Structure formats: structure tokens, C-alpha cells
Amino acid sequence: MGCPAGNKLSQTMTAPELRRAPLEEVLAGLNGPQREAVEHAEGPLLIFAGAGSGKTRVLTSRIAWLVANHKVWPDRLLAVTFTNKAAREMRARVERLVGAGAQQMWVGTFHATAVRVLRREAERLGLSKQFVIFDEDDTRAALKRVLDDLHLDQKRYPPSLIGHAISQAKNELVTPGSYPNRNYFDEIVRRCYVRYEELLRRSGGLDFDDLLVFWVRLLQNHEEALAKWRDRFRHVLVDEYQDTNHVQYVLVNLLAQEHRNLAVVGDVDQSIHGLRGADMRNIMDLQKGYPGAKVVRLAQNYRTSQAILDAAAHVLRHSAERAEKRLWTERLGGEKVTAIQAYNEVEEAEFVADEIERLRRRENRGYSDFAILYRTNAQSRAFEDVLARRRIPYRLVGGIRFWERREVKDLLAYLRFVFNPADAISFARIVNVPRRKVGPVSADAVVAAAAVGEGLAALSLLDVIERGDIPGVPRAALAPLESFRRQVESLRSVVGALHPSELIDHVVELIGLEAHYQDGTLQGEARLENLRELRGLAEEFDTLPPDEALEAFLTEVALVSDVDAYDENGEGVTLITLHMVKGLEFPVVFLVGVEEGLLPHARALEEPDGSQMAEERRLCYVGITRARDRLYLSCAFRRHLYGRSQPAFPSRFLGEIPQALMSSPGTGAAPVPPPRSEYRQRFTERSVQAAPVPPPVQRFKAGERVEHPSFGAGVVVKTTLTRTDEELVVKFDAKGLKILSGTLAPLKKL
DNA sequence: AGCGCTCAGCTTTTT
DNA sequence: GCTGAGCGCT
């Protein structure tokens with residue numbers, strides 16, 4: 001949770017306490033290019049900032065410099081980040097340099113900033129001031145309803161797919177009316193899009209994409225608004241610019257085109273959000289839109305040792321032979337990269353746990369020095385199990401998010417519906433929680449009845465219930481609906497007088513939520529615990545006046561993510577996905593599951609044009625460059641996936657790191673990815689295996705001498721027959737122990 | 001309306 | 001291995 005006071009303070013224009021930081025203090029310790037970027041006075045500025053090059057530092061110093069020495073008032077300055085956490089940190093760091101005046105800066109994510117603007121400009125847009133924000137879950141629920149209404153089969157048209165298409169359209173500023181009609185699927189999407197928009201508008205809801213779309217609409221259609229906001233944001237700074245998409249690009253230009261005080265920071269090598277519509281051209285073509293832009297390249301890395309940085313460069317340029325070095329470091333040498341192949345994901349986790357304990361003793365490191373990075377959330381499980389068993393404290397970032405838990409969503413839906421009784425999605429969620437004998441049929445009928453009639457929310461859901469006699473609602477459901485209405489009305493009558501935490505107590509009490517979740521199971525207990533936690537988070541908003549607090553609380557919870565809650569000073573090993581780890585760094589990094597199908601992900605293997613593969617590469621690059629001192633890359637020989645164990649192959653990325661940079665510890669065998677030409681063949685073989693399986697034959701026996709095209713001659717140490725394969729441990733004369741698949745490995749008997 | 005059963009499909013994602 | 005949709009029964 002962010003600081004609610006921060007939002008409020010910057011909206012009220014009190015006299016700022018501006019501390020004019022002395023120049024030396026702002027510029028202290030900056031290198032040449034960093035200083036150039038900070039001291040650039042006016043006009044467009046493009047900063048290419050490689051991993052670990054002190055980008056955040058430059059951005060915050062620049063803001064401080066602008067404020068302290070260039071007479072820009074903090075509230076005339078907009079800085080956009082991609083996470084709330086980054087925004088919070090930036091504000092805190094600027095505050096250290098320029099004092100409390102920093103609270104007046106507009107610092108936030110695109111979305112959070114959009115909400116602030118839209119709440120002020122709701123009227124101009126014909127938008128309800130009480131708009132609620134639909135998160136991904138609500139969006140999915142809304143789409144399911146839409147698919148139902150249109151009698152579309154959810155198996156053939158998965159809500160996620162339709163939702164993605166609609167989201168993409170919004171990000172490209174394509175309206176339902178202008179949605180292309182190239183094929184049948186387009187037509188389905190277009191129809192859903194139309195209906196989805198109607199449902200959202202009627203519910204007084206905006207989804208994440210809408211926040212940006214409406215902001216653009218405001219600036220494009222209302223000249224006074226454009227003039228006003230352009231004037232307000234005399235300086236616009238954008239972090240992670242390589243990950244901006246089209247609508248964000250348009251927004252930035254609308255705001256900055258005139259005064260041209262635009263500073264963007266980015267690194268194309270860390271662009272990992274292509275699926276979200278991120279377009280690297282935004283940063284690469286910036287000079288076209290802003291001729292004469294000053295370009296600064298930050299190429300010195302302050303984080304990572306040379307060996308690790310070199311490994312990263314090779315993966316990025318997919319070549320073990322030559323890699324363009326875009327970054328340099330003074331931390332020459334350093335530990336080599338350790339690569340290991342474990343038998344399966346459990347042993348992979350055991351290895352990591354062993355290393356953590358070993359380094360803790362040997363190098364006197366704390367648990368928080370370590371991070372385990374993986375491609376998919378599902379991989380965290382094995383690590384959680386092993387770490388818990390060994391009593392190694394860990395922090396899991398992401399996964400099943402707090403905000404997505406059923407009980408949390410239920411309680412929030414109550415608050416949202418009380419705040420905005422037009423919200424059909426929240427209504428449908430809670431009307432039968434706890435059981436009131438109002439099924440989906442009745443709930444739908446109420447929503448449908450409210451939708452009849454002209455204009456937006458002509459009749460509120462509550463009005464419809466109060467009138468009674470709703471077409472399609474069975475007589476038996478009327479009484480429970482009416483008692484639900486009375487409950488909500490009674491909540492609405494007190495909402496302006498209670499602090500958020502009190503309101504939550506009141507809802508839980510009145511609705512009987514505790515009894516509802518308390519089912520005697522451990523899970524029930526966990527749900528109650530989560531309700532209490534939610535109440536605790538709401539307490540942070542108790543300092544605001546009650547009539548504003550609920551809105552602030554609901555907005556905040558709609559826009560938080562799990563990384564936002566990540567505390568850099570916390571204790572414990574960090575478990576986190578590659579996507580979420582961007583921007584963090586750790587002394588020791590374990591990048592795990594470096595396998596074909598996982599990293600690069602299977603989805604990228606299918607894609608013909610290779611753009612997804614390039615992104616996997618950058619994802620791997622991001623992971624590697626998180627490490628300060630030590631980097632481990634691990635993969636497994638077999639991996640448990642979808643409930644069954646499958647053979648796994650070391651990632652091609654491993655083969656792209658020169659041997660000179662790698663070392664293998666005594667345990668396990670160094671993974672060697674198959675030669676490039678073999679990928680297709682091996683993967684075909686693997687999928688054929690899934691078909692009627694030829695019973696595996698024991699072809700080798702211990703002691704037998706064999707030869708392998710890349711490992712040379714060796715002797716079979718052990719052979720095990722599994723259900724689908726013969727597994728071999730072979731000791732090669734030159735390359736040591738390897739685990740091989742008897743059916744797949746090109747082994748010749750000697 | 002609600003329960004239990006079976007079966008399919010999926011696991012990439014800053015807000 | 002888990003979730004969610006669909007179905008039939010009560």
C-alpha cells in the first residue's frame with residue numbers, strides 16, 4: 001500500500017516547504033554522462049540506461065536538480081513510472097534532496113495518474129465521479145457475462161482471449177466502431193467489445209485500459225483541458241520508456257509536444273512486455289518526434305561483476321563467440337557463472353538450498369542476499385517446499401495474490417457496491433454471498449431490468465429491487481433480494497460517517513461474513529485472517545476525512561500489485577518471477593529452470609517470426625543482470641509439469657554463454673544444451689513419445705563403454721528404466737558425469 | 001437452487 | 001494437479 005496522505009497532499013496547494021539542495025549535493029558522485037543527463041536544462045532528453053547503470057539515481061537527481069536549481073515547482077512536474085513501488089521510491093529519494101515539497105510532485109504510474117486526472121475532470125467527460133476501477137478479475141467476470149448474453153461458447157471463445165483482444169484494441173485507441181472486421185473472430189470480438197463497453201458504462205466502471213483511453217479522450221476532445229494539463233506539467237519524465245504502448249505514447253506526446261520538456265529513460269534490452277503491447281519503437285524513434293533531442297548513454301554498470309555481465313551480453317546477442325558489449329564495469333573478474341543440471345525440480349531446489357546455507361556460512365551472507373528467479377509462478381512450489389522443510393525463511397512475491405483471494409474480493413465488492421450501487425459486477429458477486437437463495441438467474445434478471453430504460457444507469461439496481469416484480473425473477477427470490485437491498489441501504493446511510501476500517505467492521509458484522517467463511521477448516525481460518533489483514537490495510541486510510549477515504553481506499557487497492565508490497569529490507573530468500581524482478585538486485589541470484597520450454601517458454605518456440613524468442617532472451621538477460629556477485633543457472637533433467645514428470649532439456653541460452661565464463665561445482669553435471677540443429681528433431685521426438693509409448697528397452701548396462709558426439713568416450717555408471725525411458729548416468733573421460741536419456745541421446749556403443 | 005460428478009485445458013503479464 | 005464448465009439429480 002502506498003501512502004494515502006501523499007495523494008491528498010499534492011492535491012491541496014499548500015505553500016511548499018522547498019529546500020534548495022546545494023548543487024554539490026545533488027550532483028555528488030555522478031559520472032560524466034549521468035551528470036549530463038541531470039543537468040540538461042530544457043528540451044527533449046533521451047537517456048539510454050543499461051542495466052545497473054544508476055538510472056533511478058539519475059532520474060531522481062534530475063528532478064531534484066530541476067526543482068532546486070531550475071526553478072520548477074514540484075507540482076509542475078510529472079514523473080511516470082511503471083509500478084507504484086518505483087513511484088514511491090522516487091518520491092522518497094527526491095524528498096531527501098529537496099524536502100517536503102517533493103510531496104507535491106506528480107509521481108505515479110500511468111494508471112494512478114490517470115485516476116487523479118479523471119476524478120477531477122469527470123464532469124467534462126460525462127463520467128460519474130464515483131467511477132470504480134475494474135481489475136482483471138472483474139473484467140473477466142464482465143466478459144463472461146457478455147459471452148453469456150451473446151450466447152457464445154466460452155470454450156470456443158475463451159474470455160481471456162477476447163479480453164486480450166479488447167485490451168489490445170484499447171491500447172491502440174481502436175473503438176468498437178472502428179474495430180476491424182477481417183475475419184469471423186474479429187466479428188466476435190467486435191460484438192463482445194460493444195457489449196462489454198455498454199456493461200462497463202452502465203456499471204460506472206473503468207477497466208485499466210479505459211483509464212488511459214479516457215485520459216487521451218479528455219486531452220483530444222477538450223481544448224481547455226489540454227491547455228490546462230500541458231501548462232501544469234511543464235516537465236514530463238517517463239521511466240521504463242521501452243515498455244510504453246501506443247496509448248501511453250500518445251498521452252506523453254499530448255502532454256509534452258508543445259513545451260518539449262520531455263525526458264525519457266529506457267533500455268531496449270530490458271523490454272519484456274511485448275504481450276502488453278509495449279512497443280520499443282517508442283524509444284527508438286523518439287528523435288523523430290523530437291528532433292534535436294539530447295541523447296545520453298549510461299553504459300557503466302555499477303552492480304554486476306565482469307564475468308556475469310559478459311554472460312548476460314552473450315545471451316542477449318545469442319552467440320558464444322562474439323557479443324557486442326554495451327555495458328562495462330570496473331568490477332573486473334569476479335566469480336564465474338555456475339551452471340548445474342539437477343535430476344528434477346526437487347533436487348534443483350535442494351541444490352539451491354544447499355548453496356544458500358553454504359554461502360551463508362562461508363561468506364557470512366544473510367538470507368535476504370539471495371533471490372530465486374523463475375519463468376513461471378508454478379515453479380515456486382518446489383522451492384517453497386524445500387525451503388520450508390529446511391527452515392529457511394523466504395518471501396514469495398506474486399503467485400496467488402492477496403488482492404485476488406475470494407474473501408478479499410468479496411469484501412471489497414461490498415465496499416464497492418456501497419460506494420457505487422450501479423456496479424453490476426460487484427452486485428453479481430455479492431448478492432448471494434453469503435447464500436441468500438438468489439441464484440445467477442435472478443441476479444442477471446435484476447441487472448437486465450436495470451439496463452432497460454434510457455441513458456446510463458437510468459434505474460439503479462437498488463431501485464429495480466425496491467420496485468419489486470422484476471421480469472425473470474422467481475417470486476421466491478424477491479424477499480431475499482429486498483433484505484439484501486435494505487442491508488446495502490443501511491450501509492450507504494453510514495458510509496459517509498465511518499472510517500474505512502470501521503466500515504469494514506460494520507460490513508463484516510452486518511452481513512455475517514465471519515460466520516460465512518468460518519467453516520472449521522484451516523482454509524476458513526486463513527480467509528478470516530485475510531479479512532483482518534484487509535482491515536489493517538484500510539486503517540491507513542482512517543486519517544482521511546470519512547467522505548473521501550473510501551474512494552481513496554478503493555482506488556488504491558485497485559491499482560496495487562504485489563511487487564509494490566515488496567520490502568527491500570525484509571528478511572528471507574526472495575522467490576520471484578523474471579517479469580517482476582526487473583528493477584531489483586541481489587548479491588546472489590539463482591536463475592532456475594533454464595530449460596527449453598520454460599526459458600525460452602514453450603509459447604515462444606511455436607512462434608514463427610522469432611519476436612517472442614527475442615523477448616525470452618531479454619527476459620533471461622534481465623534475470624542475469626540482477627546478480628551482483630554470484631550467479632547460478634540451473635536446469636533439471638526431468639521436470640514435473642501438469643501433474644506428470646517429463647524429460648527436460650537445458651536451454652539454448654546456456655549454450656550461448658562461453659565455457660570460459662562458466663564453472664561447474666562437484667555436485668551434479670554441467671548442463672549442455674543440444675546443438676541447435678537438433679532442437680526441432682528432439683522436440684518432435686518428445687511429442688511423439690506422448691503418443692502410444694513404445695515400452696522402453698534396456699539397451700545399456702553399467703560398465704559398458706559408449707561414445708557421444710559432443711562428450712566423447714565414456715563409461716556407463718548406472719542405468720534406470722522408467723515408464724517411458726531409459727535413464728543413463730555416464731562418466732565421460734573428458735567431460736565428467738552426465739545424465740542422459742537412453743532413447744534420445746545419440747549414444748554409440750564402443 | 002444447490003450438490004456432486006466428469007472432463008478439458010492450462011500455467012507469461014508492470015496496471 | 002488444479003480450476004471451471006456442463007450436466008444430471010435431488
Side-chain angles (χ1 to χ4, degrees), chain A residues 2 80-87 108-115 133-141 144 147-148 153-156 158-161 163-164 167-168 170-171 206-212 239-240 242-245 247-248 270-278 374-381 397-401 403 406 432 435-443 473-474 476-477 480 555-564 566 576-584 593 597-604 607 612 615-616 618-619 622 639-645:
Chain A
V80 188
T81 60
F82 267 78
T83 63
N84 296 298
K85 179 168 168 280
T109 62
F110 273 105
H111 295 82
T113 310
V115 172
I133 301 162
F134 278 23
D135 67 15
E136 232 164 81
D137 223 53
D138 306 315
T139 297
R140 221 187 60 233
K144 280 182 172 179
L147 287 165
D148 256 7
D153 179 8
Q154 306 198 11
K155 286 257 158 78
R156 279 181 50 174
S160 56
L161 205 66
H164 184 240
S167 171
Q168 257 185 341
K170 290 188 175 185
N171 284 328
L206 298 183
D207 66 19
F208 287 144
D209 304 313
D210 283 337
L211 296 173
L212 308 187
D239 194 10
E240 306 276 14
Q242 78 282 355
D243 281 332
T244 50
N245 59 26
V247 61
Q248 290 162 340
Q270 294 188 70
S271 168
I272 55 173
H273 290 287
L275 210 89
R276 295 266 180 176
Y374 36 78
R375 178 67 228 267
T376 67
N377 279 307
Q379 288 168 258
S380 72
R381 181 100 184 235
V397 187
I400 338 108
R401 301 165 180 211
W403 303 103
R406 203 177 72 198
N432 208 26
R435 302 265 116 89
R436 290 191 181 91
K437 299 198 193 252
V438 179
V441 179
S442 305
V473 174
T555 300
E556 178 87 11
V557 302
L559 298 178
V560 287
S561 73
D562 271 4
V563 246
D564 294 334
Y566 182 81
I576 190 169
T577 65
L578 285 170
H579 278 98
M580 297 220 279
V581 82
K582 188 162 73 161
L584 301 177
L598 225 40
L599 185 67
H601 193 269
R603 295 284 265 265
E607 223 232 355
Q612 286 199 38
E615 186 151 315
E616 296 293 312
R618 294 193 292 268
L619 210 41
V622 166
R639 182 168 294 272
H640 214 67
L641 217 65
Y642 312 132
R644 63 165 199 274
S645 179

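Just so we're on the same page: letters track the sequence lines, and every chain starts at 1. Since the model is a prediction, treat every value here as computed from it, not as a measurement.
Distances shorter than 4.0 Å separate none of the side-chain N or O atoms of A:Asn245 from OP1 or OP2 on B:dT14. An OP1 or OP2 oxygen of B:dT14 is reached within less than 4.0 angstrom by no side-chain nitrogen or oxygen of A:Thr109. In terms of phosphate contacts, A:His601 brings a side-chain nitrogen or oxygen within less than 4.0 Å of OP1 or OP2 of B:dT12. Here A:Arg603 reaches the OP1 or OP2 of B:dT12: one of its side-chain N or O atoms lies under 4.0 Å away.
Whole-Å rounding puts the A:Arg644 CZ to C:dG1 P distance at 12 Å. In this entry the distance linking CZ of A:Phe208 with C1' of B:dT13 reads 12 Å, nearest Å. Between A:Glu615 atom CD and B:dT12 atom C1' there is a gap of 9 Å when expressed in whole angstrom units. In this structure, A:Lys582 atom NZ and B:dT13 atom C1' are separated by 12 Å, rounded to whole Å. Separating the NE2 atom of A:His273 from the C1' atom of B:dT14 is a distance of 5 Å, rounded to the nearest angstrom. Atom CZ in A:Arg381 sits about 9 Å away from atom P in C:dG1, given to the nearest Å. At whole-Å resolution of the value, CD in A:Gln270 and C1' in B:dT14 are 13 Å apart. Taking atom CD of A:Gln379 as the reference point, atom C1' of B:dT11 lies 10 Å away to the nearest angstrom.
Contact detail for A:Ser167 and A:Asp209: the closest heavy-atom pair is OG-OD2, 2.9 Å.
With hydrogens and angles left out, the side chain of A:Arg276 and the base of B:dT14 share no donor-acceptor pair within 3.5 Å.
Using a 4.0 Å heavy-atom distance criterion, A:Glu616 is classed as making no nucleic acid contact. At the heavy-atom level, A:Arg375 lies under 4.0 Å from base atoms of the strands shown. Note on A:Glu240: nothing from the nucleic acid sits closer than 4.0 angstrom, heavy atoms only. Within 4.0 Å (heavy atoms only), A:Ser442 reaches sugar-phosphate atoms of the nucleic acid but no base atom. Contacts of A:Leu559 with the nucleic acid, taken as non-hydrogen atoms under 4.0 Å apart, involve only primed sugar atoms and P, OP1 or OP2. At a threshold of 4.0 angstrom between heavy atoms, the contacts of A:Asn432 are confined to the sugar-phosphate backbone, with no base atom among them.
Side-chain proximity of A:Asp243 to the nucleotides B:dC3, B:dT13, B:dT14 is greatest for B:dT14.
Not counting sequence neighbours, the partners of A:Gln154 by the side chain to side chain contact (heavy atoms under 4.5 Å, CB included) test are A:Lys144, A:Leu147, A:Asp148, A:Pro159.
Of the possible polar contacts, none joining the A:Arg375 side chain to the A:Leu599 backbone as a donor-acceptor pair under 3.5 Å is found. A:Glu616 places a side-chain N or O within 3.5 Å of a backbone atom of A:His601 that can act as its donor or acceptor partner. Side-chain N or O atoms of A:Asp210 include one that pairs as donor or acceptor with a backbone N or O of A:Asp207 at under 3.5 Å.
A donor-acceptor contact under 3.5 angstrom links the side chains of A:Gln379 and A:Thr376, judged on distance only.
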(request) With side chain to side chain contact (heavy atoms under 4.5 Å, CB included) as the test, would you mind laying out the steps for A:Lys582 and A:Met580 before giving the verdict? (result) CA-CA 6 Å; A:Lys582 188 162 73 161; A:Met580 297 220 279; over 6 Å; no
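Applying the 6.0 Å contact sphere to CZ of A:Arg381 captures no more than 12 heavy atoms from other residues, nucleotides or ligands.
Residue order along DNA chain B, read from the 5' end via each residue's closest nucleotide, puts A:Ala378 first among A:Ala378 and A:Asn84. Where A:Leu641 and A:Val438 each meet DNA chain B at their nearest nucleotide, the meeting point lying more 5' is that of A:Val438.
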At a cut-off of 3.5 Å, list every protein nitrogen or oxygen paired with a nitrogen or oxygen from nucleotides 3-7 of chain C, distance to 0.1 Å.
residue : atom : partner  : partner atom : Å
C:dA5   : OP1  : A:Lys144 : NZ           : 2.4

